[in-house]
Q: 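Let me begin by handing over the structure; questions about it come next.
Quick caveat: nothing in here was measured; it's all calculated off a predicted structure. Sequence lines set the chain letters: A, B, ... in the order given, protein chains first and strands last, and positions in each chain run from 1.
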4 protein chains.
Amino acid sequence: MFLEIEQTSPIAIYTQLTSQIKKAIVKETLVAGDDLPSVRVLASDLGVNMHTVNKAYNILTEEGLLLKSKKGYVVSPKINRQTDEEQEDEMKKRLEDVLVDILVHNHSEKTVQEWLSELTVALRKGDN
Amino acid sequence: MFLEIEQTSPIAIYTQLTSQIKKAIVKETLVAGDDLPSVRVLASDLGVNMHTVNKAYNILTEEGLLLKSKKGYVVSPKINRQTDEEQEDEMKKRLEDVLVDILVHNHSEKTVQEWLSELTVALRKGDN
Amino acid sequence: MFLEIEQTSPIAIYTQLTSQIKKAIVKETLVAGDDLPSVRVLASDLGVNMHTVNKAYNILTEEGLLLKSKKGYVVSPKINRQTDEEQEDEMKKRLEDVLVDILVHNHSEKTVQEWLSELTVALRKGDN
Amino acid sequence: MFLEIEQTSPIAIYTQLTSQIKKAIVKETLVAGDDLPSVRVLASDLGVNMHTVNKAYNILTEEGLLLKSKKGYVVSPKINRQTDEEQEDEMKKRLEDVLVDILVHNHSEKTVQEWLSELTVALRKGDN
DNA sequence: GTGGTCTAGACCACG
DNA sequence: GTGGTCTAGACCACA
């Protein structure tokens with residue numbers, strides 16, 4: 001399984017799940033049409049509660065990244081993953097927060113660029 | 001006062017405070033040596049609890065952005081704002097999360113670059 | 001065949017079936033006395049389980065829209081399609097729910113009227 | 001309290017809650033800025049579980065009808081209650097389903113109009 | 001087998 | 001006091 005969660009992390013488990021699934025989609029470890037593990041199976045695999053997985057899947061479905069059918073959850077086609085303006089503003093705000101935090105700690109914009117390059121490369125190849 | 005907080009926002013007030021103070025430092029609205037308003041004064045100005053302001057100041061002090069003296073809190077010199085490797089990894093992780101979120105919603109790396117430029121420019125000039 | 005079902009939809013298949021058959025009756029694609037495809041045939045045509053088709057036919061029969069004979073199901077005469085008061089209340093309740101939902105999202109009663117007109121026209125002409 | 005739920009109804013409790021709260025907003029029993037009862041208080045009042053109320057509140061917040069602050073949930077200003085095109089299609093589809101159901105049971109379009117008028121009037125005056 | 005709903009009860013963060 | 005998260009376990013609808 002391509003997902004791992006840290007029980008001790010201060011980050012909510014369902015958030016860790018959504019992040020990792022998004023990452024898997026960006027890396028194309030998961031592609032449009034792929035089935036996700038059933039809620040109960042994934043929960044038991046990870047040793048977390050069913051409801052926690054369910055919440056993660058629901059959020060991703062709301063965001064248009066997953067589709068819910070009667071047979072379970074599936075990665076949705078690219079077409080469904082668009083964002084509206086409000087959501088873009090949200091993302092920009094989050095980007096700004098991170099940016100400010102990096103800059104305030106004496107890093108230059110150049111460093112940000114480098115990190116972005118690193119991250120982008122890492123997202124292109126390799127599995128999780 | 002260069003700080004505004006939204007009482008109705010679901011974002012924790014102390015988080016709003018740390019974010020805005022960091023932004024003020026990046027924008028050089030606040031520079032090394034500047035005094036911050038006393039905990040009591042700021043709390044009363046903003047209509048929030050003293051403990052809340054205190055928490056924000058403490059966090060910023062922990063991060064090396066403020067210095068606590070007998071007379072109150074001041075913006076610390078640049079030299080104190082360095083990060084260790086662990087904190088850098090933290091920031092990279094946060095940057096990655098935002099990046100993945102942007103990319104997974106069909107935006108290109110180019111868009112990320114553009115947003116970064118916009119944000120950087122906005123951080124250079126103007127007040128909060 | 002005038003029926004199509006979406007296997008991937010989260011809406012129950014038997015519900016999709018009843019909806020579409022009702023629509024066909026309103027559009028007079030199906031009129032009193034018409035035979036419906038046999039349960040087996042329809043199930044195989046649509047690639048769904050026999051029980052599912054059966055459930056749909058049963059519900060429609062319960063509602064007085066179909067008649068079950070030894071030879072199979074047929075569209076029942078208009079006279080059988082009446083509703084009792086309880087069912088009318090049910091329908092009104094459902095209408096109210098939709099209405100409230102439309103109004104609460106800032107649409108006017110005029111919009112509701114327009115939508116109804118559109119829908120009514122669409123139901124008059126054309127096939128499914 | 002202006003809300004009542006039927007434990008025995010086949011309709012999910014959280015759905016009953018969202019419906020009734022929407023109705024209260026349309027009737028202006030609840031207006032922009034009003035506080036909603038806290039999750040736990042409402043749950044105990046109604047004799048249902050906290051999570052059930054929470055789910056209802058969350059859905060309404062997603063729809064833009066409520067706002068979540070640190071002090072609880074509040075009815076949001078009209079401006080936030082807009083719908084996008086996709087949501088409108090959804091509502092039209094639901095309206096169509098109800099309409100078909102009414103028409104297929106021998107009611108005329110005129111009846112639908114009458115019911116709508118009744119319902120609209122009822123939504124204008126009086127409390128729940 | 002799949003997800004959906006609900007309950008009961010616990011612990012945490014915030015202010 | 002507020003909501004958020006998580007667990008454990010139950011029952012139901014659908015196919």
Q: Are a donor atom and an acceptor atom from the side chains of A:H105 and B:Q87 found within less than 3.5 Å of each other?
A: no
Q: Take the protein atom CG of C:N49 and the nucleotide atom C1' of F:dA13, then report the distance between them rounded to whole Å.
A: 14 Å
Q: How many Å lie between NZ on C:K55 and P on F:dA15, as a whole number?
A: 7 Å
Q: So how far is it from C:T61 OG1 to C:N54 CG, rounded to the nearest 0.5 Å?
A: 9.0 Å
Q: Please classify the nucleic acid contact of C:H51 as base, sugar-phosphate, or nothing, using heavy-atom distances under 4.0 Å.
A: nothing
Q: Could you state the interatomic distance from CG (D:L66) to CG (D:L60), rounded to the nearest 0.5 Å?
A: 4.5 Å
Q: For B:A12 and D:I11, take the nucleotide of DNA chain E holding the closest heavy atom to each; which residue's nucleotide lies nearer the 5' end?
A: D:I11
Q: For C:Y14 and F:dA15, what is the distance between atoms OH and C1' respectively, to the nearest whole Å?
A: 12 Å
Q: If you find the nucleotide of DNA chain F closest to A:K70 and the one closest to A:T52, which residue's nucleotide is nearer the 5' end?
A: A:T52
Q: Taking the six-membered ring of A:Y73 as reference, does the cationic atom of A:K68 (NZ for Lys, CZ for Arg) lie under 6.0 Å from its centre and within 45° of its axis?
A: no
Q: Scan D:V48 against the nucleic acid and name what it touches under 4.0 Å (heavy atoms): base, sugar-phosphate only, or nothing.
A: sugar-phosphate
Q: For DNA chain E, which nucleotides open and close the run of contacts to chain D, 5' to 3', at under 4.0 angstrom from a non-hydrogen atom?
A: E:dT5 to E:dG15
Q: Can B:K22 and B:E63 be counted as an ion pair, charged N to O under 4.0 angstrom?
A: yes
Q: C:L17 has an atom CG; how far is it from atom P of F:dC14, in whole Å?
A: 13 Å
Q: Assuming nearest nucleotide by heavy-atom distance, tell me which of D:G72 and A:Q7 is located more 5' along DNA chain F.
A: D:G72
Q: Reckon D:Y57 touches a base, only the sugar-phosphate, or nothing at all at heavy-atom distances under 4.0 Å?
A: nothing
Q: Look through every strand shown and name the nucleotide pairing with E:dA13 as Watson-Crick or G-U wobble, where both distances are under 3.5 Å.
A: F:dT2
Q: Map A:R40 and D:M50 onto DNA chain E by nearest heavy atom, then report which one ends up closer to the 5' terminus.
A: A:R40
Q: Working to the nearest 0.5 Å, report the span between CD of A:E28 and CD1 of A:I25.
A: 10.5 Å
Q: Can you tell me which residue among D:R94, D:K92, D:K93 is in a salt bridge (Lys or Arg N to Asp or Glu O under 4.0 Å) with D:E96?
A: D:K93
